[in-house]
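Sending over a structure as structure tokens; questions will come in a sec.
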Amino acid sequence: MFRLTQQVKETRIRRETGAPLHKAGHIRVQKDISELDTPPSMHVSFPDPDDIMNFNVALSPEEGYYHSGTFHFTVSVPDDYPHKPPKVKCSTLVYHPNIDLDGNVCLNILRQDWKPVLSLSSLLYGLQLLFLEPNPDDPLNKDAANLLKRDSHAFQRNVAASVRGGYVAGTYFPSARRR
Amino acid sequence: MFNKLCERVYDQRRAMSAEVPGSIPGGRMQAPVVKWYDISLPRRHSSVLFTFFVAFIDSLRLMFKCDRVPFYHLRVVKLHGVVSFFIMQLEEAVRDDVAEWRAGGPAWGGLDHLLRNAGPLSTDLNPEAADATQTFLRQHCKILIIGAGGLGCELLKDVALSGFRHINVIDLDTIDVSNLNRQFLFTEADIGKSKAHVAAQYINSRIPGCRVVPHHANIMSFDAQFYQQFNIVIAGLDSVEARRWLNAMLVSLVQFNPDGSVDRSSVIPLIDGGTEGFQGQARIIYPRFTSCFECTLSLFPPQQNYPFCTIANTPRLPEHCIEYAHVILWDKLKPFGDVKLNMDNAEHTKWLYETAKARSEHFGIQGVTLRLTQGVAKNIIPAVASTNAIVAAACANEALKMISAIAANMDNYMMYNGKSGVYTYTYKNEKKPDCPVCGTPQPKTFQVSPKDSLAEFLEQIAIDPDIRSKKPFLRSSTGKTIYASTSPLREATQSNLKKKLGELITSGTELTLADKDLPFIRTLIINYK
Ligand SMILES: [Zn+2]
């Protein structure tokens, strides 16, 4: 979706609202949420409607390796957004090449490829893509990544087992099956 | 109804494909000029008298409802201080061009004539620049046409015949049978197809050398980078929202030099055409230099649209119930499958009436009648083909003047009224210093009663001529979320709609307003009476 050229948007937000920079982040998030383009496979919820900088995302992929599960994330937007990317944690234990067992998510647009023109909608689409096409070349869970590269059928079996709930490669995964 | 429509459509197609002896074989784009009015046009020179004759014929045509598409190439120029219409003799011009194409020579003889010869159109003639202008037009100039509907078809034909070659067109719509009477790039066989694609294909096949690139998409799905590639944008849109968005986009593309002055190379002019029945307007917006669309938003009377939250949650009028059935329930329930609502279909109308009636009874609202249902749901202002032709011609004319510099552009707003007689007036719209898009906006203060409900306040900002927010997301400067009209926060804040403002905010509170459809963020200040 469209973003105004960043520089223009920044100066405009500051000029229009007279807001100090730290509040500009909140206003930008407000604009992003008003334009939020939620993919059908996702559900966004705010535990505290007054705190728009923290929200939860539930992803139920419609296809791909992970289509039978629902995966939960917590998103925390820093005050200096959009200069810094939002922080995302996966709160569901998942067997995924780009997510480690502590819930850290490796997604390029959340790290080196973040640009202030990106928005919260881009974040949602990025997460969706991560579960449609896990990327074994940029791994956080090396075992999963290697297995995906070597034998995608075995990888698929492991994913299915972890989503169903059970031990995969020595780690116990609670069921993440879609309800 | 349907039969009559088809008859008219067939009539037009026949007229369009009629061949005139001596013209290009199969050249139906230009043939009807002579065919219909059956008089010979003066070659390439204006004749005010002829203009009035055309206008007279036009009004007869409309009066007797024999609406064929006017297929002359109408030009609007400023002539000795008086705006007058004038016809370029297109058939002859195009015939020359086609002869040149066949001989493998340069095309667009008509344009070349304009660039090299003094005349009413070429007031600032500079024949030495003619070659450079032609090369620029042929090789580099990229023009974007937004909309391939009534105005868009005319615009495409006009700019393509004026010598623009690299044309992009955006339209989200597909072709409907009711479009065919005036959107002459489409035929019955095209019904259901993308307007942008069919229009592009037609122009590309009819006008050699033209490369129209279609985009079957919403304008909002393109980013700044896309819009930056164009030299000129012409909009033939019918919604105020879309024009506000486009205007803000083009203004946002303007870059500034280190000394604070505008970097002229980043300015993309917007030519905005609009028609409604017998009335129309064309205007030029040089972002940051002239007034922008937002500066003069109050020129557009607020539409008879009801704020979404009211029709969905707190309907009070019978119109609210009808709108709900019309806008929401039709798409949700799909009572006749996946078809568009057609108010000429008695069953559709009946369904709408009964659904609205049931809703009004649920909320204890009186007054939903079949007649009112038809009135609210139709809300149709008839599209008049000649208005489109005139406004599109004015836009194409300004675009041609912009890139060729053969004459000064109008400054900056032309209104046309064909309701009683033919009236046009060109004047200058001034920039608004506190324009939220191109100026320095001030917080907007609302004097309200603390006893007003939030829903009533939202109605007020929906119709406020400066703001017109229909999908508001309101937060107070103290960090409280007051209301969000879209998910995911709608559910959490819906209960506030019925609350009194006094329960939600104190007097003097600053609210930050964001809206999906508004290209900016506004600060509102609430003061209690
Ligand atoms: Zn403005």
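Sequence lines set the chain letters: A, B, ... in the order given, protein chains first and strands last, and positions in each chain run from 1.
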Does any non-hydrogen side-chain atom of A/Gln30 lie less than 4.5 Å from one of B/Ile521? no

Would you say CZ of A/Arg178 has more than 12 non-hydrogen atoms from neighbouring residues, nucleotides or ligands within 6.0 angstrom? yes

Check whether more than 12 heavy atoms from other residues, nucleotides or ligands sit under 6.0 Å from atom NZ of B/Lys444, and answer yes or no. yes

Take atom CD in A/Gln112; do more than 12 heavy atoms of anything else shown fall under 6.0 Å from it? yes

Within a radius of less than 6.0 Å around NZ of B/Lys334, do more than 12 heavy atoms belonging to other residues, nucleotides or ligands occur? yes

Hey, is OH on A/Tyr167 packed in by over 12 heavy atoms from elsewhere, all under 6.0 Å? no

Straight-line distance of A/Asp48 CG to B/Thr481 OG1, nearest 0.5 Å: 7.5 Å

Okay, B/Ile482 and chain A: the region with an atom under 4.5 Å from a heavy atom over there is neither

More than 12 heavy atoms from other groups under 6.0 Å of NE2 on A/His67: no

Can you say whether B/Ser476 sits under 4.5 Å from chain A via the side chain, the backbone, both, or neither, judging by heavy atoms? neither

Applying a strict 4.5 Å limit to non-hydrogen atoms, the region of B/Leu524 in contact with chain A is neither

Exceeds 12 heavy-atom contacts within 6.0 angstrom, atom NZ of B/Lys431: yes

Side-chain contact test, heavy atoms from C-beta onward, threshold under 4.5 Å: evaluate it for B/Leu489 versus A/Pro49 and give yes or no. yes

How many angstroms lie between CG in A/Asp37 and NZ in B/Lys516, if you round to the nearest 0.5 Å? 6.5 Å

Distance, nearest 0.5 Å, that separates CG of A/Asp50 from CZ of B/Arg475: 6.5 Å

With heavy-atom distances below 4.5 Å as the criterion, would you say the side chains of B/Phe473 and A/Ile52 are in contact? yes

Drop me the distance from B/Asp517's CG to A/Glu35's CD, to the nearest 0.5 angstrom. 9.0 Å

Under 4.5 Å between any side-chain heavy atoms of A/Thr38 and B/Ser487, yes or no? no

